[in-house]
Amino acid sequence: MSDSTENIRKQMAAEINAEPDSREALEQEQGQVWDSQELQRDFHVLGFLSPLVVVQRKSDGVKGSLYFQHAPRLYYGFEED
């Protein structure tokens with residue numbers, strides 16, 4: 001199966017992880033940020049396609065996506081589907 005988003009996702013992941021931000025910097029730029037434990041607390045993870053993770057919010061069942069960086073592993077930028 002061909003993934004038409006693979007090249008753009010690889011480019012985005014490379015840009016995000018070239019100079020990963022601190023949690024504080026991400027919070028200032030993106031708003032709410034989750035580490036891995038907080039992500040598991042607030043969301044059901046439905047799938048990963050780096051640098052994105054597809055989730056379902058536990059509080060209300062809303063599906064959406066988050067960006068993530070690898071080190072430190074932080075998730076941010078929730079967008080509803």
Side-chain angles (χ1 to χ4, degrees):
M1 179 184 250
S2 178
D3 177 2
S4 63
T5 67
E6 183 176 9
N7 289 336
I8 189 76
R9 287 185 304 95
K10 283 183 177 181
Q11 181 181 357
M12 290 169 62
E15 291 172 7
I16 289 169
N17 293 299
E19 293 185 38
D21 286 323
S22 68
R23 183 180 188 124
E24 294 78 16
L26 279 174
E27 287 173 339
Q28 286 181 358
E29 294 172 19
Q30 302 292 333
Q32 188 166 2
V33 173
W34 295 263
D35 63 23
S36 294
Q37 281 188 313
E38 293 164 337
L39 178 79
Q40 291 175 2
R41 179 196 67 210
D42 292 347
F43 297 96
H44 295 289
V45 175
L46 305 176
F48 279 89
L49 284 175
S50 182
L52 297 163
V53 58
V54 178
V55 295
Q56 182 175 27
R57 198 165 42 205
K58 290 180 178 180
S59 64
D60 59 7
V62 170
K63 291 182 183 177
S65 58
L66 294 160
Y67 288 97
F68 69 93
Q69 66 180 31
H70 290 295
R73 180 61 67 104
L74 296 170
Y75 302 84
Y76 59 90
F78 179 75
E79 282 193 37
E80 291 183 17
D81 286 345

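FYI, the numbering just counts along the sequence from 1.
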Problem set entry | Point-to-point distance, once rounded to the nearest 0.5 Å, from CG of Leu49 to CE of Met12 | 11.0 Å
Exercise. Counting N and O atoms only, with roles assigned by atom type, does the side chain of Asn17 sit under 3.5 Å from a partner on the main chain of His70, one being a donor and the other an acceptor?
Worked result: yes
Exercise. Is there any side-chain hydrogen bond (donor to acceptor under 3.5 Å, both in side chains) pair reaching into residues 59-69, and which pairs are they, with sequence neighbours excluded?
Worked result: Arg57-Asp60
Exercise. Would you say the side-chain atoms of Glu80 pair up with the backbone N or O of Gly64, donor to acceptor, closer than 3.5 Å?
Worked result: no
Seminar exercise, completed: The reported gap from CD1 in Ile16 to CG in Leu52 (rounded to nearest 0.5 angstrom) is 7.5 Å
Problem set entry | Heavy-atom closest pair, residues Gly61 and Gln56 | O-NE2, 3.0 Å
For this session: Under the ring-ring contact (aromatic ring centres under 6.0 Å, His included) rule, collect the residues that match up with His44, sequence neighbours excluded.
Result: none
Seminar exercise, completed: Sequence neighbours excluded, the answer for ring-ring contact (aromatic ring centres under 6.0 Å, His included) partners of Phe43 is Trp34, Phe78
Exercise. Quick one: salt bridge (charged side-chain N to carboxylate O under 4.0 Å, His left out) pairs with a partner in residues 3-12, sequence neighbours left out?
Worked result: Asp3-Arg9, Glu6-Lys10
Problem set entry | same_hphob_cluster(Phe68, Leu39) at 4.5 Å side-chain heavy-atom cutoff | yes
Seminar exercise, completed: Rounding to 0.5 Å, atoms CZ (Arg41) and CG (Asp35) come to a distance of 8.0 Å
Exercise. Is it the case that one hydrophobic cluster holds both Val33 and Tyr75, taking links as side-chain heavy atoms less than 4.5 Å apart, direct or via other members?
Worked result: no
Exercise. Is there a path of hydrophobic side-chain contacts, each under 4.5 Å between heavy atoms of I, L, V, M, F, W or Y residues, that connects Leu74 with Val53?
Worked result: no
Exercise. Do you reckon Val54 sits in the same ILVMFWY cluster as Val62, going by side-chain contacts under 4.5 Å, direct or chained?
Worked result: no
For this session: Say whether, by atom type as modelled, one donor and one acceptor occur between the side chain of Gln28 and the main chain of Ala25 under 3.5 angstrom.
Result: no
Problem set entry | side-chain hydrogen bond (donor to acceptor under 3.5 Å, both in side chains) involving Glu15 - partner list, sequence neighbours excluded | Gln11
For this session: Check side-chain hydrogen bond (donor to acceptor under 3.5 Å, both in side chains) between Gln40 and all other residues, then give those that pass, not counting sequence neighbours.
Result: none
